[in-house]
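Below is one structure, written out as structure tokens, with a few remarks after it.
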Amino acid sequence: MQTISILTGTHISMKKSQLDDLVAWFDGYVEPFLITDDEGEKNIRLKIGHTRKVCEAMALLSDGEGLSENESRIAAAVALLHDVGRFPQYRRWRTFLDSDSDNHARLAVDVIREENILAGFDSAEVILIEEAVRFHNMLTPPAIVKSPTRKFINMIRDADKLDIWRVFVELLAQPPEERPSAAALGLEDVPGSVSDACISALNSGSIVRLDTISCFNDFKLLQISWVYDLTSATSRRLLRERGYIPALAATLPKRADIREAVSKALALLSA
């Protein structure tokens, strides 16, 4: 069956069987990484679970944004593959902090190519998948890309954030000794500690930069600032319904400037 591409011209659309094969490949690929010590297994399971939840979020975004069946399969493939670089990253460096290891998005593209898992896919769709994976974790995607649409880059960035919020809300509900050690990126959790620069960035409606944070509370502010980077009404609706921002804010120091900054972010979700 042929379909008009979201690119230009005509191509063979992704078959359901191809997506099913990718899911089977993923399950087989991650399994050996679980053969490690208890702490390592906890961290690897965290990322496996994250991937599955991002896939669920992507399905909701695809439905909410009215994607075609073929576009939804491309989006699903992007969600499944976006973090495959996390597994070799953790095995080699025992961290999920890119600055202490390597860019996990670039590592993901390396895995995709080394494993040759997109062989047989339409070349135009390979570009869409690889670029969405490659740019999903950038502060700002590059101005020039090969993809003729930024749809899938935007969608995976939103879907990823939606589940990272879930991960951290659940993590904060756990006793510190039970949390996966790599989840907090090695940041010190000091009650009451927060950087004025991070509060100022959030209050101005800017994304808090990772290189400006110095403690776990700063990382919470960074995550709240992602509100300003969401690209679709569906993403904002899901975030509002799930209540992740108030839940994160409730764990921050009780300061008027923090309340003001968070209120501005919440107002954007309600607009």
Side-chain angles (χ1 to χ4, degrees), residues 39-40 42-44 46-47 50 54 82-83 85-86 89-90 92-108 135-141 157-158 160-230 239 243-269:
E39 189 58 38
K42 185 185 296 185
N43 285 303
I44 292 298
L46 177 74
K47 287 303 176 184
H50 168 66
V54 170
H82 83 285
D83 258 4
R86 286 299 196 188
Q89 177 190 45
Y90 188 79
R92 179 173 179 182
W93 289 285
R94 295 285 290 194
T95 183
F96 293 137
L97 187 60
D98 287 6
S99 61
D100 286 348
S101 53
D102 201 349
N103 184 332
H104 74 277
R106 187 191 64 76
L107 292 172
F135 302 136
H136 84 271
N137 68 328
M138 294 184 69
L139 181 63
T140 304
R157 289 167 66 84
D158 283 11
D160 194 28
K161 290 178 177 68
L162 283 168
D163 192 61
I164 293 173
W165 279 313
R166 175 198 63 83
V167 167
F168 275 86
V169 167
E170 292 182 0
L171 178 116
L172 290 168
Q174 298 175 346
E177 65 274 10
E178 294 181 11
R179 300 171 185 171
S181 60
L185 304 182
L187 295 166
E188 191 173 4
D189 189 3
V190 181
S193 179
V194 62
S195 300
D196 289 340
C198 295
I199 300 173
S200 178
L202 179 61
N203 195 44
S204 69
S206 301
I207 307 299
V208 176
R209 295 179 58 90
L210 186 60
D211 58 10
T212 67
I213 69 176
S214 59
C215 62
F216 197 33
N217 279 333
D218 288 349
F219 193 45
K220 298 172 192 176
L221 292 172
L222 180 151
Q223 290 186 28
I224 293 172
S225 76
W226 286 344
V227 166
Y228 297 108
D229 196 42
L230 292 178
L239 177 56
Y244 295 147
I245 301 304
L248 279 173
T251 69
L252 287 165
K254 310 304 180 186
R255 289 175 42 169
D257 52 354
I258 294 177
R259 286 196 299 272
E260 179 185 359
V262 172
S263 294
K264 289 181 179 179
L266 286 170
L268 180 66
L269 293 181

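Just the heavy atoms: all of them, side chains too, but no hydrogens, waters or symmetry mates, feed the values below. Quantities reported herein were computed from a predicted structural model and do not represent experimental measurements.
Asp163 places no side-chain N or O within donor-acceptor distance of the main-chain N or O of Val54, the cut-off being under 3.5 Å. No donor-acceptor distance shorter than 3.5 angstrom exists from the side chain of Ser200 to the backbone of Ala197, with no hydrogens or angles considered. The main-chain N or O of Val208 is found under 3.5 Å from a side-chain atom of Ser225 such that the two form a donor-acceptor pair.
Inspection of the Ser195 and Ser214 side chains reveals an N or O donor paired with an N or O acceptor under 3.5 Å. Side-chain contact annotation: Thr212 with Asp218, donor-acceptor N/O pair under 3.5 Å absent. There is no side-chain donor-acceptor pair under 3.5 Å between Asn203 and Asp257. At a cut-off of 3.5 Å, with distance as the only test, no side-chain donor of Gln89 or Asn103 sits close to an acceptor on the other residue.
For the pair Val227 and Ala265, the tightest heavy-atom approach, listed with the atom from each and the gap, is CG1-O, 3.6 Å. The shortest non-hydrogen separation linking Ser206 to Ser204 is OG-OG, 3.0 Å. Taking each heavy atom of Lys42 and Glu177 in turn, the nearest pair found is NZ-O, 4.2 Å.
In this structure the side chain of Arg259 never reaches within 4.5 angstrom of the side chain of Leu252, judged on heavy atoms. Between Lys47 and His104, every side-chain heavy-atom pair lies at or beyond the 4.5 Å cut-off. Residues Val194 and Arg255 are in side-chain contact: their nearest non-hydrogen atoms beyond the backbone lie under 4.5 Å apart.
To the nearest 0.5 Å, atom CG of residue Leu202 and atom CD1 of residue Ile207 are 9.0 Å apart. Interatomic distance, Lys220 NZ to Cys215 SG, rounded to the nearest 0.5 Å: 8.5 Å. In this structure, Leu248 CG and Asn217 CG are separated by 10.5 Å, a value rounded to the nearest 0.5 Å. With values rounded to the nearest 0.5 angstrom, Tyr228 atom OH is found 9.0 Å from Leu269 atom CG. Note that CG of Leu221 and CD1 of Ile258 are 6.0 Å apart. Values are rounded to the nearest 0.5 Å. For the atom pair CD1 of Ile44 and OH of Tyr90, the computed distance is 7.0 Å after rounding to the nearest 0.5 Å.
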So Arg157 and Leu230, side-chain contact (heavy atoms from CB on, under 4.5 Å) or not? Walk me through it. CA-CA 8 Å; Arg157 289 167 66 84; Leu230 292 178; over 6 Å; no
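Only one option out of Asn43, Asp98, Leu107, Leu46 pairs with Arg86 in a side-chain contact (heavy atoms from CB on, under 4.5 Å); it is Asp98. Applying side-chain contact (heavy atoms from CB on, under 4.5 Å) to Trp226 and the options Asp160, Ile164, Leu239 leaves one that passes, Ile164.
Residues that satisfy the side chain to side chain contact (heavy atoms under 4.5 Å, CB included) test with Leu171, not counting sequence neighbours, are Phe168, Arg179, Pro180, Ala183, Phe216.
Applying the 6.0 Å contact sphere to CZ of Arg106 captures more than 12 heavy atoms from other residues, nucleotides or ligands.
Taking the six-membered ring where tryptophan is involved, the planes of His50 and His82 are perpendicular, since the angle between them exceeds 60° and thus also 30°.
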